Amino acid sequence: MNWRAPAALLLSGLLASCGPADLSTLAPAGPLATEIANLGWLMTGLGTLVFIAVMGFLALALLRKRSPVRELTTDETEQPAVLWIGAALTVLVLAVVFAASLGVMRQLSGWEPERLTIEVTGKQWWWEVRYPQFGFTTANEIHIPVGERVQFELKSDNVIHSFWVPRLYGKMDLVPGTTTTFWLEASEPGTYQGVCAEFCGTQHAKMLFLVIAEAREDFDRWEAAQRRPAAEPVESLADRGQEVFLQADCDFCHTVRGTAASGHLGPDLTHFASRETLASAIVPNNRGHLAGWIVDPHGIKPGVLMPGTQLESGELQALLAYLESLE
Ligand code: CUA
């Protein structure tokens with residue numbers, strides 16, 4: 001017997017269940033994600049029961065002794081009751097699943113204009129994050145207050161992406177030409193991993209983001225800091241770095257509020273140093289990765305729109321000092 005195919009199937013099944021708990025829909029961290037997970041368990045449970053019942057009847061039919069061929073009597077040609085019972089059970093199971101789905105969908109709807117609203121625009125391959133009520137823009141790291149319903153407006157100006165934070169909500173598409181809206185809530189403070197869940201080009205797999213849920217006062221402090229224009233460089237190296245930033249044409253694509261840099265192709269860098277990660281949450285935001293990213297972004301993320309920047313060592317050190325000063 002060829003054992004390879006079943007072994008491969010089993011192995012792929014086992015591997016498919018591997019993965020960080022942070023990306024598991026079975027570890028919900030918010031009320032809506034819990035509803036969705038419960039619906040999933042209900043469907044899995046009912047599906048399992050139906051499967052066992054069908055297999056049981058199949059086994060029964062196979063094991064039953066065959067009666068010799070003969071003419072059917074009138075009684076037997078009429079629809080036997082068991083058929084009707086089977087149909088009724090099917091309808092019942094589908095009705096339960098349908099009603100439960102409608103219940104969850106009803107909870108997911110609800111739009112209130114006064115709630116905190118966050119606009120997320122899918123880029124190739126990063127996320128622009130705007131807080132319209134506060135008037136600032138950031139990238140790839142979305143701060144929200146814990147225990148509050150937060151509304152999202154999703155857009156794209158290129159191809160279709162999909163916004164997915166498995167522990168907080170289901171997948172939501174970002175479709176060019178339209179706005180997708182929904183709300184979510186995190187019930188526990190923490191950093192939740194998000195991914196793009198729709199193939200959108202070469203770096204789709206490296207289009208990650210973070211949702212950082214924090215206490216209301218921490219969120220207020222963060223939001224107040226983000227609203228401010230960029231810090232003026234205080235030390236001379238950072239000051240020199242600001243010149244390098246403008247000379248190397250970084251300002252063509254990046255905005256640093258409070259300076260002449262006002263490009264919109266790449267992420268807003270006004271408070272770049274306050275972010276934990278780089279390049280759409282794929283590497284930590286530290287000096288080594290930042291230097292590598294500036295000099296050779298394609299080494300980290302092939303196909304990325306940002307070109308590499310050739311700088312002398314002194315210029316690079318100055319630029320790093322400047323970017324690190326953008327708290
Ligand atoms: Cu964006 Cu996949």
Side-chain angles (χ1 to χ4, degrees), residues 12 15-16 18-27 29-30 32-33 36 108 117-132 137-144 150-184 186 191-213 253-255 263-269 272 275-285 289 292-293 296-308:
S12 63
L15 286 177
C18 295
D22 206 30
L23 283 175
S24 173
T25 49
L26 302 180
L32 288 184
I36 296 170
L108 301 189
T117 302
I118 303 173
E119 278 176 27
V120 178
T121 307
K123 302 282 185 177
Q124 275 173 314
W125 295 272
W126 58 283
W127 309 83
E128 186 179 81
V129 181
R130 220 170 78 77
Y131 288 73
T137 302
T138 177
N140 305 321
E141 294 182 11
I142 305 170
H143 286 243
I144 61 170
V150 179
Q151 292 178 162
F152 280 85
E153 293 187 355
L154 305 181
K155 297 170 187 179
S156 169
D157 56 10
N158 42 86
V159 298
I160 300 177
H161 304 273
S162 182
F163 182 97
W164 191 31
V165 195
R167 296 193 61 198
L168 295 179
Y169 201 81
K171 294 171 186 168
M172 289 299 272
D173 279 0
L174 297 83
V175 183
T178 185
T179 303
T180 320
T181 55
F182 70 102
W183 62 270
L184 59 73
T191 300
Y192 300 100
Q193 177 79 60
V195 297
C196 179
E198 177 88 34
F199 183 72
C200 55
T202 48
Q203 288 304 319
H204 154 73
K206 286 186 179 170
M207 189 172 167
L208 312 181
F209 62 99
L210 302 177
V211 172
I212 298 156
C253 297
H254 297 285
T255 289
H264 285 292
L265 283 174
D268 185 303
L269 300 180
F272 168 76
R275 303 208 275 263
E276 294 171 21
T277 59
L278 268 185
S280 207
I282 58 169
V283 287
N285 185 5
H289 281 117
W293 179 250
D296 181 24
H298 293 253
I300 298 178
K301 209 165 169 175
V304 66
L305 295 181
M306 175 161 148

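Since this is a predicted model, take the numbers as computed values, not measurements. Residue numbers run from 1 in the order of the sequence given. Ligands are counted one by one from 1 in listed order, and the atoms in each one are counted from 1 as well.
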Inset, instruction - Tell me, please, which residues at least two apart from Pro307 pass side chain to side chain contact (heavy atoms under 4.5 Å, CB included). - result: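 In terms of side chain to side chain contact (heavy atoms under 4.5 Å, CB included), with neighbours along the sequence ignored, Pro307 is linked to no residue.
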Inset, instruction - Using side chain to side chain contact (heavy atoms under 4.5 Å, CB included) as the criterion, list what pairs up with Leu305, not counting sequence neighbours. - result: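 Side chain to side chain contact (heavy atoms under 4.5 Å, CB included) check on Leu305 returns nothing, list empty.
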Side-chain donor-acceptor contacts of residues 197-211 below 3.5 Å, not counting sequence neighbours, with atom names and distances?
unit_1: Gln203; atom_1: NE2; unit_2: Pro302; atom_2: O; d: 2.6
unit_1: His204; atom_1: ND1; unit_2: Glu198; atom_2: O; d: 3.0
unit_1: Lys206; atom_1: NZ; unit_2: Ile300; atom_2: O; d: 2.7

Inset, instruction - Can you see which heavy atom on Val165 is nearest to which on Gln193, and at what distance? - result: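 Of all heavy-atom pairs spanning Val165 and Gln193, the closest is CG1-O, 3.4 Å.
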Inset, instruction - Using only heavy-atom distances, determine whether the side chains of Thr121 and Arg130 contain a donor-acceptor pair under 3.5 Å. - result: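 Side chains of Thr121 and Arg130: no pair found under 3.5 Å.
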Inset, instruction - Everything protein-side that's N, O or S and under 2.8 Å from atom 2 (Cu) of ligand 1: list it, residue and atom. - result: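 Atoms qualifying: Cys196 SG, Glu198 O, Cys200 SG, His204 ND1.
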Inset, instruction - State, yes or no, whether a side-chain contact exists between Ile142 and Phe163 at a heavy-atom distance under 4.5 Å. - result: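 Yes, close enough: below the 4.5 Å cut-off.
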